[in-house]
Amino acid sequence: MQGKTVVITGATSGIGEVAAVALARQGARILAVGRDSKRAESTLAKLRAANPDAQHAAPLADLSRLAEMKRISAEITRLAPEIDVLVNNAGALFNTRQVTEDGLEKTFALNHMSYFVVTGLLLPHIKRGGRIVSTASDAHRGARLDFDDLQCERRYSGFSVYGKSKLCNILFTRELARRIQGSGVSANCLHPGFVATRFGDQSGGLVSVAVRLVKPVGAISPEEGAKTIVHLAASPEVEGESGGYYYKCKPATPTPEAQNDADAKRLWDISTRLAGLGA
Ligand SMILES: NC(=O)c1ccc[n+]([C@@H]2O[C@H](COP(=O)([O-])OP(=O)(O)OC[C@H]3O[C@@H](n4cnc5c(N)ncnc54)[C@H](OP(=O)(O)O)[C@@H]3O)[C@@H](O)[C@H]2O)c1
């Protein structure tokens, strides 16, 4: 990764931060997208310690807002006109339904639309041989998309809506890989495992209680959880592989719903319209 430029969202905590530091240690320059200036400063200090020679940066954005997704993408391309790896990783689970200023349900906005918009705007800047890695989840198992209620207005359950957003991540990767086939850029996604991060701490209500109770029992460390991100971002083993879903650094099979090409295309078209990104 010597001399390569890596953009990572959700890089100020959990598996995103661990992956960012690991890739910096391998020689990469990291643009660590965060939203909190204190946490971003702390991440930046770790990146500088891991690779003092690179011009790391930690630009801030609230990735649940379309205007911020667009603004940060423009800022990133100013900082790095050529990108080697983009890791879409920022995500959260919300116990109660919230609506963003764009009229989007917040889980869908942050977990899916930020991947979609940031990737779309950075794609022209990703070099041949570059990689797009998206953090999805096995939480997609059991999820089905209801295209008549993508914003979950009829029924809202935090876990179920989160699962749908992670299904969106896999469908997005599938359609993206199809669209960029032959361009020299690859797109893969992954399940990191159940990881003891800050994830769920701010979800609120029963979700935070449940996550707090089960984390000490079953969760792996952020170092372990970040391994598949680092593998997909940097390993020569996956050179040329695209459109896959990975777990523990190996290809895994997502649900039939996550392999539905018609749904993947439909989600892409709707997301394009919602993002106001044109054709
Ligand atoms: N932990 C698990 O068991 C698990 C399992 C499967 C998949 N995942 C996925 O892994 C990814 C990373 O999660 P994690 O476990 O590392 O959790 P985490 O420690 O909570 O990290 C989440 C990251 O996303 C950022 N973020 C949240 N809301 C944001 C917003 N509105 N705008 C910009 N950034 C925002 C957070 O920023 P702050 O630092 O400011 O909070 C943080 O950097 C997520 O996509 C999650 O769905 C996690």
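Predicted, not measured: the structure shown is a model, and the values here were computed from it. Atoms within each ligand, like the ligands themselves, are counted from 1 in listed order. All values below come from the heavy atoms of this structure, side chains included, with hydrogens, waters and symmetry mates left out.
Heavy-atom contacts of G14 reach the following atoms of ligand 1: 16 (O), 19 (O) (cutoff under 4.0 Å). For ligand 1, the atoms lying closer than 4.0 Å to a non-hydrogen atom of F194 are 3 (O). Close approach of ligand 1 to A136 (heavy-atom distance below 4.0 Å) involves ligand atoms 7 (C). Residue Y115 approaches ligand 1 through these ligand atoms, each under 4.0 Å from one of its heavy atoms: 45 (O). Near A61, the atoms of ligand 1 lying under 4.0 angstrom from a non-hydrogen atom of the residue are 32 (N), 33 (C). Within the listing of ligand 1, atoms 9 (C), 10 (O), 11 (C) sit less than 4.0 angstrom from a heavy atom of T135. Close contacts between ligand 1 and S13 involve ligand atoms 18 (P), 19 (O), 21 (O), 39 (O), 42 (C), 43 (O) [criterion: under 4.0 Å to a heavy atom]. In the vicinity of P192, heavy-atom distances shorter than 4.0 Å reach the ligand 1 atoms 5 (C), 6 (C), 7 (C), 8 (N).
Using a 4.0 angstrom heavy-atom cutoff, A139 does not count as in contact with ligand 1.
Of the heavy atoms in K166, only side-chain atoms (C-beta onward) come closer than 4.0 Å to ligand 1. Contact annotation for D138 and ligand 1: no heavy atom of the residue comes within less than 4.0 Å of the ligand. If you look at A90 next to ligand 1, the close heavy atoms, those under 4.0 Å, come from the backbone and the side chain alike.
For the salt bridge (charged side-chain N to carboxylate O under 4.0 Å, His left out) with D84, the lone residue among R29, K4, K127 that qualifies is K127. Checked options R266, R273, K265; the residue passing with D269 is K265 (criterion: salt bridge (charged side-chain N to carboxylate O under 4.0 Å, His left out)).
Regarding atom 13 (O) of ligand 1, its nearest protein heavy-atom neighbour is F199 CD1, 4.0 Å. Distance from atom 22 (C) of ligand 1 to its nearest protein heavy atom, with residue and atom name: G91 O, 3.8 Å. Annotation: atom 23 (C) of ligand 1 to nearest protein heavy atom, G10 CA, 3.6 Å. Protein heavy atom closest to atom 44 (C) of ligand 1, with residue, atom name and distance, is N89 O, 3.2 Å. Of all protein heavy atoms, the one lying nearest to atom 1 (N) of ligand 1 is V195 O, 3.2 Å. Of the protein's non-hydrogen atoms, G193 O, 3.1 Å is the one closest to atom 5 (C) of ligand 1. Nearest protein heavy-atom contact of atom 43 (O) of ligand 1 is T12 OG1, 3.0 Å. Atom 47 (O) of ligand 1 has Y162 OH, 2.6 Å as its closest protein atom, hydrogens excluded (heavy atom only).
By the neighbour-count criterion of 12 heavy atoms within 6.0 Å, atom CD of Q181 is sparsely surrounded, having that number or fewer from other residues, nucleotides or ligands.
Residue-to-ligand polar distances place R39 within reach of ligand 1: an N/O pair is separated by less than 3.5 Å. Residue R35 places at least one N or O, backbone or side chain, under 3.5 Å from an N or O of ligand 1. Among the atoms of I15, some N or O lies under 3.5 angstrom from an N or O of ligand 1. Taking any N or O of L63, backbone or side chain, at least one lies under 3.5 Å from an N or O belonging to ligand 1.
In terms of modelled atom types and a separation under 3.5 Å, the side chain of S208 and the main chain of D201 share a donor-acceptor contact. Checked by atom type and distance alone, the side chain of N111 never pairs as donor or acceptor with a backbone atom of G91 at under 3.5 Å. Side chain of Y247 to backbone of T253: no donor-acceptor contact under 3.5 angstrom is found. A donor-acceptor pair under 3.5 Å is formed between the side chain of H191 and the backbone N or O of D138. Panel note: side chain T173, backbone A187; no donor-acceptor pair is recorded below 3.5 Å. N51 contributes no side-chain N or O that, together with a main-chain N or O of R25, makes up a donor-acceptor pair within less than 3.5 Å.
In this structure, F116 has its ring center no closer than 6.0 Å to that of F108.
Ion pairing between a basic and an acidic side chain is recognised when a charged N comes within 4.0 Å of a carboxylate O; E105 and R97 show no such pairing. Taking 4.0 Å as the cut-off between side-chain N and carboxylate O, D146 and R154 count as a salt-bridged pair. Under a 4.0 Å N-O distance rule, the pair E175/R178 qualifies as a salt bridge. For R78 and E75, the salt-bridge test fails: no basic side-chain N is under 4.0 Å from an acidic carboxylate O.
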